[in-house]
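Any value given below was found using the heavy atoms of this structure, including those in side chains, with hydrogens, waters and symmetry copies removed. Both counts, for ligands and for their atoms, begin at 1 and track the order of listing.
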Amino acid sequence: PKPTEVTPAVIMKSYACQRRTPLKHHNSFLTEALEILAENAEFSENEGRSVAFRRSASVLKALPYVVRAMNELKDLPCLGEHSLRVIKEILEDGTSSEVESTRQSEQFQAMKALTGVFGVGARTADRWFREGLRSPEDLIRTGQKLNHAQQAGVQYYTDLNTPVTEKEAMVISDIVEKAVKAVLPGAIITLTGGFRRGKEVGHDVDFLITHPEEGAEERLMPKIVNWLEDQGLLLYQKTTRNSYLESKDGPARPPSNMDRFERCFSIFKLEQAQVNSDTRLEASSCNFGTTDGTQECHSGSSWRAVRVDLVVSPYSQFAFATLGWTGSKLFERELRRWAGQEKGMSLSSHALYDSKQQRYLHAISEEDIFAHLGLEYIPPSERNA
Ligand code: 8DG
Ligand code: MN
Ligand code: MN
């Protein structure tokens with residue numbers, strides 16, 4: 001018989017921001033199950049429960065080996081009773097009955113379909129579910145009252161639920177770069193969100209924009225949006241003004257993780273030809289050749305809708321904004337929890353406040369912020385907590 005494999009000893013820190021979490025890891029068969037339960041808890045607005053499942057999943061993502069037996073988990077932090085029960089079931093039977101019944105349930109599937117509409121959160125989806133609605137088609141059929149975001153969400157439902165590829169993200173980067181440079185020369189544009197962490201697909205494309213001259217970035221967003229609209233590149237946009245200076249409750253303590261930057265939640269009209277233009281010789285993913293030779297994708301259209309988030313930050317807050325908009329969401333949450341619970345500091349996407357010293361700590365790079373927090377620097381590609 002083969003000698004029993006010895007599990008390598010790992011030191012697992014308890015905050016996700018103290019660990020390196022790569023995008024590709026060894027335990028998807030467990031983390032995907034735990035994340036179904038996390039998602040289901042979000043649908044019932046049970047945040048505590050959802051975070052508990054997400055933390056468990058995140059610990060398994062950071063493990064350098066495949067989990068095969070329960071005793072390999074005994075020294076790991078964050079694994080609660082419920083998560084351990086689910087993991088045990090999967091290790092023994094291959095699946096967890098709770099996870100499978102959740103996945104199959106009418107409520108879970110309806111909530112997933114309804115919250116999949118841009119502009120629809122758990123609360124609205126739950127109300128609709130209780131009224132008997134199950135899908136975006138039901139919203140149209142029953143003539144539900146929808147706000148502008150939700151109307152766009154229903155209209156572009158299929159496109160917006162089709163993952164954005166890296167190539168599409170690059171084409172959109174070029175467009176955003178061109179728009180920003182046209183209205184404010186010298187501006188700096190950074191790709192943030194999942195693509196900065198090395199993801200190959202995303203649900204949207206996120207950008208952070210700044211200018212080295214403090215103040216030059218003020219009221220920049222309307223100019224960018226006008227430029228994009230003039231080019232016919234926007235299907236939807238909602239711009240929110242910067243409310244950081246007016247805010248009374250202190251800059252480092254925004255409600256939830258919402259920040260106060262000037263921002264734009266938008267839907268781009270992306271020409272497929274632009275995405276395929278530099279790869280015409282490669283096998284194309286578009287199979288709908290037409291008689292006049294033009295390529296058509298996505299059920300006959302030459303373009304598709306893509307969600308894009310634009311955020312403008314003053315240069316002095318750029319490092320904080322970059323860190324705050326790179327994610328993952330759990331990594332961000334854990335950074336703020338670390339700052340508060342372990343350091344007596346308050347971190348936001350605008351600033352870092354040290355309560356003991358009663359002063360803001362200056363930073364010009366993400367490295368500075370990790371250093372202020374007494375954390376080892378974790379690069380974006382290892383923030384996939
Ligand atoms: P995905 O799009 O591929 O699904 O993944 P993602 O890029 O990681 O998710 P995201 O929903 O686009 O969010 C990107 C980051 O932006 C994430 O860390 C959370 C953060 N973020 C928001 N909204 C807000 C906000 O209002 N304030 C701050 N500070 N951060 C936010 O999504
Ligand atoms: Mn994103
Ligand atoms: Mn986003």
message = Tell me whether Gly327 has any N or O atom under 3.5 angstrom from an N or O of ligand 1.
response =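 Right, the criterion is met.
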query = Would one find an N or O of Thr326, backbone or side chain, under 3.5 Å from an N or O of ligand 1?
reply =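 No.
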Pull out every atom of ligand 1 sitting under 4.0 Å from any heavy atom of [X], numbered as shown with elements.
X      : value
Lys199 : 1 (P), 3 (O), 4 (O), 5 (O)
Gly324 : 18 (O), 20 (C), 30 (N)
Asp204 : 2 (O), 12 (O)
Arg263 : 25 (C), 26 (O)
Arg197 : 8 (O)
Glu332 : 18 (O)
Asp206 : 7 (O), 12 (O)

query = Should Arg304 and Glu271 count as an ion pair when the cut-off is N to O under 4.0 Å?
reply =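 Not counted as a salt bridge, because no side-chain N and carboxylate O are separated by less than 4.0 Å.
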ask   = Is it true that Glu382 and Arg197 have a side-chain N and a carboxylate O under 4.0 angstrom from each other?
value =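 No.
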query = Which option out of Gly194, Ser348, Ser349, Gly202 puts a heavy atom nearest to atom 7 (O) of ligand 1?
reply =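 Residue with the shortest heavy-atom distance to the ligand atom: Gly194.
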key: Any Arg307 heavy atom less than 4.0 Å to ligand 1   =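 Outside the 4.0 Å threshold, so no.
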ask   = When the aromatic ring centroids of Tyr244 and His350 are compared, is their separation below 6.0 Å?
value =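 Ring-ring flag for Tyr244/His350: true, centres closer than 6.0 Å.
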task = Decide if the gap between the ring center of Tyr236 and the ring center of Tyr156 is smaller than 6.0 angstrom.
result =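 Here the rings of Tyr156 and Tyr236 have centres that are no less than 6.0 Å from each other.
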message = Please check this pair: side chain of Arg134 against backbone of Phe129, looking for a donor-acceptor N/O pair closer than 3.5 Å.
response =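 Confirmed, Arg134 side chain pairs with Phe129 backbone.
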message = Tell me whether His211 contacts the main-chain N or O of Pro185 through its side chain, where contact means a donor paired with an acceptor under 3.5 Å.
response =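 Indeed, once roles are kept as given, a pair shorter than 3.5 Å links the two residues.
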task = Quick one: the OD2 of Asp204, the Mn ion (ligand 3), OD2 of Asp309 angle, rounded to 10°, please.
result =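 The angle at the Mn ion (ligand 3) comes to 90°, rounded to the nearest 10°.
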request  = Would you mind telling me if ligand 1 is within reach of the side chain of His203, the backbone, both or neither, using heavy atoms under 4.0 Å?
outcome  =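 It is both parts that get close, each with some atom under 4.0 Å.
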key: Greater than 12 external heavy atoms within 6.0 Å of Arg123's CZ   =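 12 or below, so no.
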task = Step through the shown structure and confirm whether more than 12 heavy atoms of other residues, nucleotides or ligands are within 6.0 Å of NZ on Lys181.
result =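 Counting other residues, nucleotides and ligands, NZ of Lys181 exceeds 12 neighbours.
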query = To the nearest 0.5 Å, how far apart are CZ in Phe43 and OG1 in Thr102?
reply =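 These two atoms lie 11.0 Å from each other.
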ask   = Name of the Asp206 N, O or S atom nearest the Mn ion (ligand 2)?
value =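 Result: OD2.
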